[in-house]
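Note sheet for the following structure.
Residue numbering restarts at 1 for every chain, and letters A, B, ... go by the order of the sequence lines.
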Number of protein chains: 2
Amino acid sequence: MTLASVLSRGDSAPSLHQRILGDIEGRILSGEWPPGHRIPFEMELAAQYACSRMTVNKALSQLAKAGLIERRKRSGSFVTQPHAQSAVLEIRDIKAEVQSLGMTYDYELLARAQRRANADEREQLDLRAGSVVIDLQCRHFAGRRPFTYEERLINLAAVPEAATQPFDKVAPGPWLIERVPWSAAEHRIQAIGADAEIANVLEISEGTPCLQIDRRTRMNGIYVTLVRLVYPGQTFELIANFAPMQS
Amino acid sequence: MTLASVLSRGDSAPSLHQRILGDIEGRILSGEWPPGHRIPFEMELAAQYACSRMTVNKALSQLAKAGLIERRKRSGSFVTQPHAQSAVLEIRDIKAEVQSLGMTYDYELLARAQRRANADEREQLDLRAGSVVIDLQCRHFAGRRPFTYEERLINLAAVPEAATQPFDKVAPGPWLIERVPWSAAEHRIQAIGADAEIANVLEISEGTPCLQIDRRTRMNGIYVTLVRLVYPGQTFELIANFAPMQS
DNA sequence: AAGTGGTCTAGACCACGAA
DNA sequence: TCGTGGTCTAGACCACTTC
């Protein structure tokens, strides 16, 4: 998957700056222009493509943002050295995840409580003493088998409506994402062995390797929710799509 | 981390289109403009900021690319519903990884072979029968303790110089990344239990949960290398940075 | 000092799609 | 039909940086 093909999703007539971008990207990816190579100046490219400098600039700016070239004033633009391998990891909605596997999705609420946050939780969610949270435990099924165990805290100060929501039919994830507009999240991914509780809930044996994803979601500067998702390791994989990037 | 702050890395004087972008992003993230809200037309914004339409267009185009707004001809631009939670996951160079933890890094080659690819490997790397690969096993240390076990195949047809490279001092990852310009990669992340071999190599007990990352790297249409990295689960975490995105 | 990229303008034409 | 966004132009000024 190339940058040019991402930007123009199979359209019939790519715009001029997209064609320029694609041409240059092709030469870089093919090795014709190796790292360190100076690509033509904006003026030169504008002349080659018989277009204005702004059109060339648009293409080169996108290449620079993608990390394929580096732009230096007075010197020109250069093909960069690839450094780190970065990957765009998609963590999707669990329901969509299951259905994309062609299995039926089911949701079950195991426990629901409203209580004061303890010290550890207050620190993680950046709450004051006495703050109240909703504490949920639930399971997601793919077909008949448990697919994910979810432990979730919701900051009631951030989402007061959660107090009256039973969460017995609708999972907290989709419910929140409808209600809380645009959020930023931090993820942590680990491999763990299933403890007795997880083994019981996911119907696997104790010690089975599991993928554990912790996510903390912020909105407008305050933390809204803290969630831990545990997937049986052998039945779940995270697929990350490419992306060469510079560090 | 906001889009605007990413684009202007703490610079003193953000450009006008960055300021426009930041203003609009702020209203969306704060909830002032909820999903579905129509944001002002380009002409209106141009008038508000007393600038040309192109400047506004630059800001709105970036917001659209980031998925915060959706642009519909004849109707205007609208704040999108957040759908999937996507995350930008960084998979860094192992040496950088270790050193960022403040520990000394060490590398050890366990085995090196040059041989024909078997059927499974040929399929994964899209090779013809009889294709030759370099097969490596190595360990990466953080301090005195093994940190990562690496199994790697290199497609000799793609990187002939690998035949004469002993890989006893330099790890194949950095070596390849210097030599192979710009690549695309596919990742798969799983939790596994350490088998006898992994347990022995990583000096952990059998069955210990581990994070296993498979990566297949392509360059110019052909597969260059296939690598499996195994990290002890409790000592390694993948950190993914935010990123709200629409599906 | 000179040439580069960064930014911006005040126009323009077009395709598309909602009215 | 007609206004919107998508694209492009032919200029312009500026800051920066290397020469």
Side-chain angles (χ1 to χ4, degrees), chain A residues 3-24 28 33 36-80 246, chain B residues 3-24 28 33 36-80 246:
Chain A
L3 182 55
S5 68
V6 167
L7 294 174
S8 77
R9 308 195 172 227
D11 288 343
S12 46
S15 59
L16 181 52
H17 68 263
Q18 276 175 353
R19 226 191 73 210
I20 299 173
L21 189 154
D23 288 355
I24 297 172
I28 294 175
W33 287 350
H37 180 266
R38 208 213 77 220
I39 75 173
F41 298 125
E42 292 190 351
M43 300 281 289
E44 296 172 13
L45 287 167
Q48 277 178 40
Y49 286 92
C51 67
S52 78
R53 190 167 75 89
M54 270 232 64
T55 306
V56 173
N57 182 283
K58 196 165 188 173
L60 296 193
S61 299
Q62 295 201 37
L63 284 168
K65 235 189 302 178
L68 276 143
I69 65 172
E70 189 186 343
R71 316 200 70 189
R72 287 198 285 270
K73 296 185 182 188
R74 173 70 198 190
S75 316
S77 303
F78 300 83
V79 178
T80 48
Q246 65 171 351
Chain B
L3 183 55
S5 69
V6 168
L7 294 173
S8 76
R9 309 202 172 223
D11 289 342
S12 47
S15 59
L16 181 53
H17 68 263
Q18 277 174 354
R19 228 192 70 210
I20 299 174
L21 189 154
D23 288 354
I24 296 173
I28 293 174
W33 287 350
H37 180 266
R38 208 212 77 219
I39 75 172
F41 298 125
E42 293 189 351
M43 300 280 289
E44 295 172 13
L45 287 167
Q48 277 178 38
Y49 286 92
C51 68
S52 78
R53 191 168 75 93
M54 270 231 62
T55 307
V56 172
N57 183 282
K58 197 165 187 173
L60 296 193
S61 299
Q62 294 201 37
L63 284 169
K65 234 189 303 179
L68 278 152
I69 65 172
E70 190 188 340
R71 315 201 71 189
R72 288 199 285 268
K73 295 186 182 187
R74 174 71 197 185
S75 320
S77 303
F78 299 83
V79 178
T80 49
Q246 66 168 349

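- Across the protein-nucleic acid pair, A:I39 atom CD1 and C:dT4 atom P stand 13 Å apart, rounded to whole Å.
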Protein proximity profile, nucleotides 14-19 of chain C - base contact B, sugar-phosphate-only contact S, no contact -, cut-off 4.0 Å on heavy atoms
--SBS-
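- Summarising the geometry, the separation between NZ on B:K58 and P on C:dT9 is reported as 11 Å, rounded to the nearest angstrom.
- One can place CD1 of B:I69 at 8 Å from P of D:dG6, the figure rounded to the nearest angstrom.
- No option in A:H17, A:R53, A:R71 other than A:R71 meets the side-chain contact (heavy atoms from CB on, under 4.5 Å) test with A:L60.
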Going through the distances and angles, do A:R19 and A:L16 end up as a side chain to side chain contact (heavy atoms under 4.5 Å, CB included)?
CA-CA 5 Å; A:R19 226 191 73 210; A:L16 181 52; 4.2 Å; yes
Decide side chain to side chain contact (heavy atoms under 4.5 Å, CB included) for A:L45 and A:I24; before the verdict, give the C-alpha distance in whole Å, the side-chain angles of both, and the deciding distance to 0.1 Å.
CA-CA 10 Å; A:L45 287 167; A:I24 297 172; 4.0 Å; yes
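- The side chain of B:R53 lies closest to D:dT7 when the candidates are D:dT9, D:dT7, C:dG6.
- Contact annotation for A:S61: no contact, since no heavy-atom pair falls under 4.0 Å across all strands.
- Between B:V56 and B:P40, every side-chain heavy-atom pair lies at or beyond the 4.5 Å cut-off.
- The side chain of B:S52 places no N or O atom within less than 4.0 Å of a non-bridging phosphate oxygen (OP1 or OP2) of C:dG11.
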Chi angles and distances behind the side chain to side chain contact (heavy atoms under 4.5 Å, CB included) call for B:Q62, B:K58
CA-CA 6 Å; B:Q62 294 201 37; B:K58 197 165 187 173; 4.2 Å; yes
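- Closest contact between the side chain of B:T55 and the listed nucleotides D:dT7, C:dG5, C:dC8 involves C:dC8.
- Taking atom CZ of residue B:F41 and atom C1' of nucleotide D:dC2, one finds them 13 Å apart after rounding to whole Å.
- Judged by distance alone, the side chain of A:T80 and the main-chain N or O of A:G67 form a donor-acceptor pair under 3.5 Å.
- Here the side chain of A:S77 pairs no donor or acceptor atom with the backbone of A:I39 at under 3.5 angstrom.
- B:E44 places its CD atom 12 Å from the C1' atom of D:dG3, with the value rounded to the nearest Å.
- Rounded to whole angstrom, the span from the CG atom of B:N57 across to the P atom of D:dT9 amounts to 15 Å.
- Comparing A:G76 and A:M54 along DNA chain C, the residue whose closest nucleotide (by nearest heavy atom) sits nearer the 5' end is A:G76.
- D:dC8 atom C1' lies 13 Å from atom CD of A:Q18, rounded to whole Å.
- Among the heavy atoms of the strands lying under 4.0 Å from A:L16 are primed sugar atoms or P, OP1, OP2 only; no base atom is included.
- Separating the CZ atom of B:F78 from the C1' atom of D:dT4 is a distance of 10 Å, rounded to the nearest angstrom.
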